[in-house]
Amino acid sequence: LITAAVAGVFVMLLSSRLLRPTRRLAPRLDPYTASSRVRLGTLDPDSAAATMQTDSINLGNTFQEIFKPILIMTADGFGQILDAGETEDLRLRLRRAGETASPEEYRLRQLTFAVVGAVVGLLLGWSYLGSPLWGIFLMALLGFAGAILQRTMLDRKLEGRIEQIRGELYTIVHLLAMYVRTGHGPVDSVRRVASRTDGVVSAEMTQALVWIERGREADASFEDLSALTPESAAARLYRLLGSATVSGMDITNSLIALARDLRNQRRDELERSAVKRRSGMIFPLLIFSAPVLLLLIGAPAVNLVLQQF
């Protein structure tokens, strides 16, 4: 098996050296045209900053230069099969979860965990259980567990971020309504609230302000922010602010209505959570109380039967 793997790697490297794929010209020109495309409005500033940055993976030696493209292609194919999604969808999920890693880095971690899990499962099954079948079974089981670990962690982080936004949004909306009621414009209100608060919503509004300061239209900035946020209520707020920057209308009543909807939604969620917890407490009560009840009811019956004999 090792000989076959080494031979396969040697043939793959030899073929890549003899038949090199044609390098695309667009990725090589992207860093030089990013600033111009930002000024023209055809490229997002964050994407331009990521384009103009150097690669985060160190290519300091020949080994990394040879095996990095192979690992990235393998991880990308493996991740697309596992996640059933494209790279852009994964980039959006990472952005919404607050992750700074790129899709390539995420999928490399995913592949690493899968390989480590498969190797550990094979060693456990073959060494400790002494059976190749157990080794193959544990290799598949732990490899799959390692592969879905990163996705599970990303989903939990995304859910936690959504819960944090829901907890912050009610206060943020009321603060915005106060500033708008006192005569401040939508952008100025967002700037004042973002400078006096801290959290996920404040960071998102600060990102919109950065886009506006770089020359983008305010409505386009808030519209893009509504597409990036993971919470639908926050997207509703950003769209409302974007429309107010164009029409100039007073959105105080709309903000108060949004705050009322958020309060009702939060109350309904707490009621549903209380019902679930109350239902969940029934099973422990049955588990601990049922044996005691059976003893109290069954012991006299058993005593009567014994007295008959």
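Values below: every heavy atom of this structure, side chains too, minus hydrogens, waters and symmetry copies.
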Asks: Taking the side chain from Ser202 and the backbone from Ala194, do they hold a donor-acceptor pair closer than 3.5 Å?
Replies: yes
Asks: Determine whether Val173 and Ile256 fall in the same hydrophobic cluster, where Ile, Leu, Val, Met, Phe, Trp and Tyr are linked whenever their side-chain heavy atoms lie under 4.5 Å apart.
Replies: no
Asks: Give a yes or no on this: more than 12 heavy atoms of other residues, nucleotides or ligands lie within 6.0 Å of atom CG of Asp198.
Replies: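 Check fails, neighbour count at 12 or below.
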Asks: Taking all non-hydrogen atoms of both residues, which atom of Glu204 and which atom of Pro230 are closest, and how far apart?
Replies: OE2-CD, 3.9 Å
Asks: Please identify each residue that fulfils salt bridge (Lys or Arg N to Asp or Glu O under 4.0 Å) with Arg266, with sequence neighbours left out.
Replies: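 In terms of salt bridge (Lys or Arg N to Asp or Glu O under 4.0 Å), with neighbours along the sequence ignored, Arg266 is linked to Glu163, Glu269.
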Asks: How close do Leu142 and Gly117 get, counting heavy atoms only, and between which atoms?
Replies: CB-O, 3.1 Å
Asks: Tell me, yes or no, whether the heavy-atom count around Glu217 atom CD, taken from other residues, nucleotides or ligands under 6.0 Å, exceeds 12.
Replies: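 No, not enclosed.
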Asks: Quick test of your reading of the model: are Arg192 and Asp188 salt-bridged, counting only N-O distances below 4.0 Å?
Replies: yes
Asks: Between OH of Tyr170 and CG of Asp261, what distance do you get to the nearest 0.5 Å?
Replies: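 Going from the OH atom of Tyr170 to the CG atom of Asp261 covers 11.0 Å.
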Asks: Answer whether the closest heavy-atom distance between the side chains of Phe222 and Leu240 falls below 4.5 Å.
Replies: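 SC-SC contact between Phe222 and Leu240 ruled out.
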Asks: Got a donor-acceptor contact below 3.5 angstrom from the Glu168 side chain to the Val201 backbone?
Replies: yes
Asks: State the OG-CE distance between Ser221 and Met205, to the nearest 0.5 angstrom.
Replies: 14.0 Å
Asks: I need the Leu169 CG to Ile162 CD1 distance, nearest 0.5 Å.
Replies: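 Leu169 atom CG to Ile162 atom CD1 measures 12.5 Å (nearest 0.5 Å).
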Asks: Determine the minimum heavy-atom distance between Val187 and Ala218, stating which atoms define it.
Replies: CG2-CB, 4.0 Å
Asks: How far apart are the closest heavy atoms of Ala235 and Ser226, and which atoms are they?
Replies: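 Nearest heavy atoms, Ala235 then Ser226: CB-O, 3.4 Å.
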Asks: Flag the pair Glu223 and Arg239 as a salt bridge only when some basic side-chain nitrogen lies within less than 4.0 angstrom of an acidic carboxylate oxygen.
Replies: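 No, this pair does not count.
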Asks: In Å, rounded to the nearest 0.5 Å, how long is the span from OG of Ser243 to CE of Met249?
Replies: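 The CE atom of Met249 is 4.0 Å from OG of Ser243, to the nearest 0.5 Å.
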Asks: How many angstroms lie between CD1 in Ile165 and OG1 in Thr229, if you round to the nearest 0.5 Å?
Replies: 4.0 Å
Asks: Drop me the distance from Arg96's CZ to Leu158's CG, to the nearest 0.5 angstrom.
Replies: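 Reported to 0.5 Å precision, the distance equals 8.0 Å.
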Asks: CZ of Arg263: more than 12 outside heavy atoms within 6.0 angstrom?
Replies: yes
Asks: Is there a side-chain contact between Leu225 and Leu241, using heavy atoms and a 4.5 Å cut-off?
Replies: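 Leu225 does not reach Leu241 side chain to side chain.
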Asks: Check side chain to side chain contact (heavy atoms under 4.5 Å, CB included) between Ser189 and all other residues, then give those that pass, not counting sequence neighbours.
Replies: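 Counting only residues at least two positions away or on another chain, Ser189 forms a side chain to side chain contact (heavy atoms under 4.5 Å, CB included) with Leu176, Tyr179, Val180, His184.
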Asks: Using a strict 4.0 Å threshold on nitrogen-to-oxygen distance, state whether Arg93 and Asp155 make a salt bridge.
Replies: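 Between Asp155 and Arg93 there is a salt bridge, with a charged N closer than 4.0 Å to a carboxylate O.
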